[in-house]
Amino acid sequence: MQNEELELQQEKSPEQGKTGKDAPVHVPHKKDAHANPAAPPNKQASVAKRTDSFLYGIPQLGLSRVERQVPLNEPPPMPANADLKYLGKPTPRYDGVAKVTGAGKYTADVYLPGMLYARMVGAGVPHARVLAIDTTAAERYPGVRAVHVIQHVLGNAELRDPSKERPSRYPIVRYMGQPMAAVAATSQAAADEAAALVKVQYDPMGFVVDRDAARATDAPSVYPGPADQGGTAGGGGGPANVPQVGNVHGPERKNVGDVARGFAESDVVVEGEYYTQVQTHSALETHGVVADWKAEELTVYASTQGTSSVRNELSEIFKLPKSKVRVITEYMGGGFGAKFGAGNEGVVAVELSRKAKAPVRLMLDRREEHIASNRPDSHQKLKIGAKRNGTLTAIQLTSYGTAGVGTGAGTAGPATNMYNCPNLLTEEYDVFINAGPGAAFRAPGHPQGCFALEQAIDDLAEKLDLDPLEFRGRIDDSPARKVERQIILEKTDWRNRHRAGADPGPIKRGIGLSQSVWYRFVNLNSSCEVRISKDGSVELMSAVQDIGGGTKTMLAQVVAEEFGIPPQSVVIRIGDTRYPIGPDSGGSVTTGSISPAARNAAHQAKQHLLAAIAPSLGVAPDQLEFKDGRVSVASDPSRSYSLRQAAAKMPTDEVSARATRVPDYTRDKITYGGVDYVELAVDTETGRVHVERVLGVHDCGRPMNPLGVISQINGGILQGISYALFEQRIMDRGKGYMLNADLENYKILGAREVPQIDVILIENYIAQSSTDAAGIGESAGIIALAAAIGNAFYNATGVRMRRLPMTPARVLAALGKTDQEMHA
Amino acid sequence: MSDIEKRAITRRGFLKAAGATAASTVVESAHAITKDLRDSANGPAPLGPGAVPFVLHVNGVPHSISIEPRMTLAEALRDTLGLTGTKVVCDRGSCSACTVWVDKVPTLACMTLAIDVGMRNITTIEGIGNADHLHPVQAAFVKHDALQCGFCTPGMVMSCAALLERNPNPSLDDVKHAISGNLCRCGTYPKVFAATLEVAQDRKALSRPVSTSNGKDA
């Protein structure tokens, strides 16, 4: 069974050339970590290869070497970080100065000559057929240059059988704020005012915005028949063609072994229900584009996580050859999974630009941003059985979650992939409601799944009378997490923690931890060109974008290492589809996918340089070596030249090389993760939870830039605390609005809630590519923090928090200090 | 005493003003009312609703511009003067991304009408330092990697630099307080703390003021 799924997964792997709207979903409903999507397809096995010896393992466990078959033009294996000059060393951000001085131009900062400003018109009801849309008044409004009525809405699930619904001239409204039309005008104020003049006549239908209510058989149907939603490059989306009854879509079922037998064999069983809330992405730069339609080329500046995904979608929708669609993302103000493809705003902006014959800027406002995407909520029932000896016998998870009008609320990733268990049954259901669509959000499904799993594992440890950390050691095969748990033991007071609820006073302190798991994905749509000019300057070009993770810096380090020159002397030009294709930044694929292409291009450009100058030096190219930034003649070390001197000898003005990511060297099963440790205080009188310290110990293959990686882990930890304690979308059940679609009432952690954070990164050499790097975005703490806080809360109070966020009202209810529990 | 003396332009005051200028019809009636008042009591001449000439003093340079009275300072800086370092994130005073200084006081540019600034001096992120002469806080942000996507960064820098202007020896808690209104979604806070505290430490060691020559009006 598992083997069959392994094969299936590999055939659908992300490197098979698909991107954009149809991109295979990285994770959420394909949680088989035993698949390695980076594995080479069999048909490529005929590439000529050589055998190299690679560094392998984790320093704390002892490094070894493994042999790998690699393509002939791969650069030589890279030594450990300790033996490198620039890679693995803390390196200030390549574009740090541009960002701290305000000079970096984000999409929201692009002003083109004659540019118009646009505003979308959102539906004013949560569920309706649209009878008429009157744009006359908007069109006549001073300053208005174009009005567009949307024909097809992106992001909603699609009916499998469209004939289930009476044909309609306009898209059916399925959530409040669903994009309906848009206006472009000479100022933002004029566009806003004109948008308010678009008159929509609705034929309202019943609606439901509550997950539990939507599951009832007599609930209003969001869709009149089964409907599915595809994912994006960052995940999201749900399984297609599963059963659907009313609003309940699923289950997506995974069954390994026999859970009934597993529970029968168990000595101890824990069972619990867990609830998590809807979280909105709240990137500080909203989704948006500046679209400039011209007959010769469509140019789109986009705040996106995937320049290629935007180009693909616009090319498809507007029937343009990709060669005539250019997408630019120079600086990007955060995405966290919400920004793939053109989006409704992108398509509408292009329509308006085409109509108005002028560039159009369309940035969502903050309310629209909150409605455009979210992390689905969950209601999980989790049951785990174990034997006295501390081995698991069965895991059974049933989850219901809502991604609004979309799907992708599955949570089974951690339960499926973290621990050894012979019997597993997971059933994931999506529940449609009349609310904005879910989307990939930093480790889709995993914070939810971990919140249940890792608290249940702690409960199980207590029942087995085992230390939770030691218990994890018995059921977890991951060598990286083994090292990470050991570091937690060494660096914290874990062994001396008190029993649950032991603090006598009203302020109760506790400690807890949680593990996380993420997967190795590689996108072969990852190419770089490296160019050496006659003056010795070096540039790298790729369409890959930097969404804040530090891609530019990492690429500069890779090229710098290869040439032996400082990273700041390398020019990095990325975020433009005119350059060689880059991967979409989702699922932590970017660094692991693009860095080998960068190294290989730099390595090959170097070979071209040596070949070009060898004749003028009177030697054969293989007599020249490039080391520590100098070219020297092997037989005569006195003949040594700096890169600038060497380049000056080139017969032409430049040499360049372009390389594309080759598949991983083996089909090994590889996951990443971390262990996060939390100390907190619970004020049992006010119900406030104060996280006081976090120690995160994480792995991501070869850490390329520890400075930037630690920044990302800080961010994941803080997003995780924010998710656990503060954030929550609140819907008005009577009217269907999102009540807190702003940054005032949608609470996000601020500076005063930041605990002391310590991060320890471990090196984990896996011998899979010419850089051995991997991403950190997903496994950076967001997965584990809510569960770690839950476990620490239990240690503090002796009470389990099974519902997020842990607001003061919920805490007081859980502690029995108020009469009733608050429900989400 | 609060560490941050926000400008006297309060949200409530702003909302009152916005309420009177939200829609053109209301503006016209407000205009008429104001006109009546002036006629009767020699009040100040009303401005707008159309564009009016105005001089905005930004980073030590007077800019003669023509703006609608309802335009916020953030819009005037970005749309009219092209100073896009000042970011607009929430557009309602919840996130401090648009923080600029008005006479050295950190002010939310999205909650301030440009014409309310009058002759006062505005300092933006472009005014406190540039690539050739970084403000010490900017340099420390780069060194500590106190930024990721960078969208909150200009506002963070303005808040932290203002803190050091009024409190040369801040504690960690002072720094947290100073940026308690600055939202960052990437989670750069720990490094923002470290960068700001390091600037204070360095300055103490060197016994020299934090201000740079770039902030002429600062």
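Note that this is a predicted model, so its numbers are computed, not measured. Quick note: numbers below take in every heavy atom, side chains included, and nothing from hydrogens, waters or symmetry partners. Chain naming here is simple, since letters A, B, ... match the order of the sequence lines and numbering starts at 1 in each.
B:Cys95 touches chain A through its side chain: at least one heavy atom from C-beta onward sits under 4.5 Å away, while N, CA, C and O do not. Looking at B:Asp145, the atoms closer than 4.5 Å to chain A (heavy atoms on both sides) sit in the backbone and in the side chain alike. Interface remark: A:Ser187 contributes no atoms to any contact with chain B (heavy atom separation under 4.5 Å). At a 4.5 Å heavy-atom cutoff, the contact between B:Lys191 and chain A is made by side-chain atoms alone. Looking at B:Ala131, the atoms closer than 4.5 Å to chain A (heavy atoms on both sides) sit in the backbone and in the side chain alike.
A:Ile757 has its side chain out of reach of B:Tyr189: every pair of non-hydrogen atoms, C-beta onward, lies at least 4.5 Å apart.
At a threshold of 4.0 Å, the pair B:Arg92-A:Asp742 counts as salt-bridged, since one of the basic side-chain nitrogens sits closer than that to a carboxylate oxygen. Between A:Glu193 and B:Arg70, at least one side-chain nitrogen of the basic residue sits less than 4.0 Å from a carboxylate oxygen of the acidic one, meeting the salt-bridge criterion.
Ranked by heavy-atom pairs under 4.5 Å with chain A, the first of B:Thr188, B:Asp79, B:Thr153 is B:Asp79. When the candidates B:Gln148, B:Met71, B:Lys176, B:Met156 are compared by the number of heavy-atom contacts under 4.5 Å with chain A, B:Gln148 comes out ahead.
Distance alone, capped at 3.5 Å, is enough to place a donor-acceptor pair between the A:Gln719 side chain and the B:Arg185 backbone.
A:Thr101 and B:Asn130 share no side-chain donor-acceptor pair at under 3.5 Å.
Under the rule for a side chain to side chain contact (heavy atoms under 4.5 Å, CB included), the partners of B:Val142 that lie at least two apart in sequence or sit in another chain are A:Pro92, A:Val97, A:Val100.
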